[in-house]
Amino acid sequence: MSRHRLVEGGESLGLEDYRRSVSETKRAAILKAARQNFLTGGYSKAAMAEIARDADVSTATLYKHFSSKETLFRAVIEEAYGGIDERPISDIGDASAHDVLRGICRVYLRQQFEDQMNGLLRMVIGEVPASPQLAQEVFTRGVTVRYRQFRKVLDALVARGDLAPHDTETSVRQLGGMVKEFIVWPALFTKDYSIPDDIDDTIGACVSAYLSIYGHRTAARITG
């Protein structure tokens, strides 16, 4: 075997591919440790040295990936709001408007709970007096990005004729606002909050309310 090849898991990897794989693994470990540190002690108390220790990397390695705690926090927020499947955003297929909208609401639900956005939001709110820039980071790198991604779905439904032509920048926030009342506010103010068993019915009702305003059959009322 050439000295420029390494074997991992029975597969031959080039040296650069191997190094890239190791780097990505360390970056993921850092993000995981950072998120837990931010959630546990808050932004101001989180220390880069402790994050490096919990990630099982050197402090030098941590700073190689993230030049500051602020940069690391941005990456944690972007990761929490990321992971959206681009396929249903770019191609809604043959699914009904109701099913498509229920799908993006479920993405919202997953991000808030599985990706711990509710916990991060609670942490950010607590840090506002000392670090007001954190709230702006969350809004610009999380909330607005998510609405921009979800808006693509609404624009696709308008183009297909399922929704009446309208200001989707406004309506995406209206849909998000309805869902937020059930999956964000209760979680922020309730210790050990868990998702209600009837959340699918609740999401369905929110989507139905949205479609009653912007659905195809209301086109004349909206555009007239």
Side-chain angles (χ1 to χ4, degrees), residues 1-90 104 107-152 184 187-188:
M1 181 177 67
S2 168
R3 62 176 179 160
H4 297 295
R5 307 292 291 181
L6 296 172
V7 176
E8 183 178 274
E11 295 183 359
S12 194
L13 296 174
L15 182 57
E16 290 304 316
D17 290 338
Y18 173 75
R19 287 173 174 169
R20 187 180 303 110
S21 175
V22 170
S23 178
E24 291 173 353
T25 298
K26 289 181 177 180
R27 186 179 190 277
I30 292 169
L31 287 173
K32 181 179 179 180
R35 181 186 299 197
Q36 191 57 48
N37 272 262
F38 289 141
L39 288 171
T40 301
Y43 177 84
S44 60
K45 293 183 180 180
M48 295 291 270
E50 292 182 4
I51 292 172
R53 182 198 62 203
D54 293 345
D56 196 24
V57 300
S58 67
T59 304
T61 296
L62 189 154
Y63 279 105
K64 180 179 179 181
H65 286 274
F66 304 100
S67 60
S68 66
K69 185 165 70 170
E70 183 177 335
T71 301
L72 178 55
F73 179 76
R74 290 194 193 107
V76 169
I77 292 300
E78 289 171 352
E79 181 187 52
Y81 273 106
I84 297 176
D85 185 354
E86 292 290 342
R87 184 166 46 83
I89 292 178
S90 61
I104 65 172
V107 170
Y108 197 151
L109 183 71
R110 188 192 73 228
Q111 288 175 329
Q112 293 301 128
F113 288 92
E114 293 181 21
D115 296 332
Q116 298 177 299
M117 272 314 306
N118 284 331
L120 288 170
L121 286 175
R122 190 182 294 112
M123 180 272 293
V124 168
I125 291 170
E127 294 286 344
V128 166
S131 304
Q133 77 278 4
L134 289 184
Q136 188 61 38
E137 290 285 352
V138 171
F139 186 76
T140 57
R141 294 178 178 274
V143 176
T144 59
V145 170
R146 176 163 63 188
Y147 279 143
R148 186 165 62 246
Q149 291 171 322
F150 288 174
R151 187 182 176 190
K152 294 179 182 179
V184 176
L188 289 180

Looking at every non-hydrogen atom in both residues, tell me the closest pair between [X] and [Y] and how far apart they are.
X: Pro132; Y: Pro129; answer: CD-O, 4.2 Å
X: Ala75; Y: Phe66; answer: CB-CE2, 3.5 Å
X: Val76; Y: Phe38; answer: CG2-CE1, 4.0 Å
X: Ala55; Y: Ala29; answer: CB-O, 3.6 Å
X: Leu62; Y: Ala52; answer: CD1-N, 3.5 Å
X: His65; Y: Ser23; answer: CE1-OG, 3.1 Å

Value rounded to 0.5 Å, distance of [atom1] in [X] from [atom2] in [Y]:
X: Thr59; Y: Glu50; atom1: OG1; atom2: CD; answer: 10.5 Å
X: Gln111; Y: Asn118; atom1: CD; atom2: CG; answer: 11.0 Å
X: Lys26; Y: Asp56; atom1: NZ; atom2: CG; answer: 9.0 Å
X: Ser58; Y: Lys64; atom1: OG; atom2: NZ; answer: 9.5 Å
X: Ile51; Y: Arg53; atom1: CD1; atom2: CZ; answer: 10.5 Å
X: Ile125; Y: Leu120; atom1: CD1; atom2: CG; answer: 11.0 Å

More than 12 heavy atoms of other groups within 6.0 Å of Lys69 NZ
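Yes, because the 6.0 Å sphere around NZ of Lys69 holds more than 12 heavy atoms from other groups.
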| message | Atom CZ of residue position Arg27 - does it have more than 12 heavy atoms of other residues, nucleotides or ligands inside 6.0 Å? | response |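 No - once you tally the heavy atoms of other residues, nucleotides and ligands closer than 6.0 Å, there are 12 at most.
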**Request:** Step by step, work out the side chain to side chain contact (heavy atoms under 4.5 Å, CB included) result for Phe73 and Val124.
**Result:** CA-CA 11 Å; Phe73 179 76; Val124 168; 3.8 Å; yes
(request) Report the C-alpha distance between Arg146 and Tyr108 in whole Å, list the side-chain angles of each, state the deciding distance to 0.1 Å, and finish with yes or no for side chain to side chain contact (heavy atoms under 4.5 Å, CB included). (result) CA-CA 9 Å; Arg146 176 163 63 188; Tyr108 197 151; 3.3 Å; yes
Under 3.5 Å, side chain of Arg122 to main-chain N/O of Leu39, donor-acceptor pair present?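 Between the backbone of Leu39 and the side chain of Arg122 there is no qualifying donor-acceptor contact (under 3.5 Å).
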Assess the residue pair Leu72 and Met48 against the criterion (side chain to side chain contact (heavy atoms under 4.5 Å, CB included)); give the C-alpha distance rounded to whole Å, side-chain angles, the decisive distance to 0.1 Å, and a yes or no. CA-CA 9 Å; Leu72 178 55; Met48 295 291 270; 3.9 Å; yes
### Query
Quick one: do Arg20 and Glu24 make a salt bridge, cutoff under 4.0 Å?
no
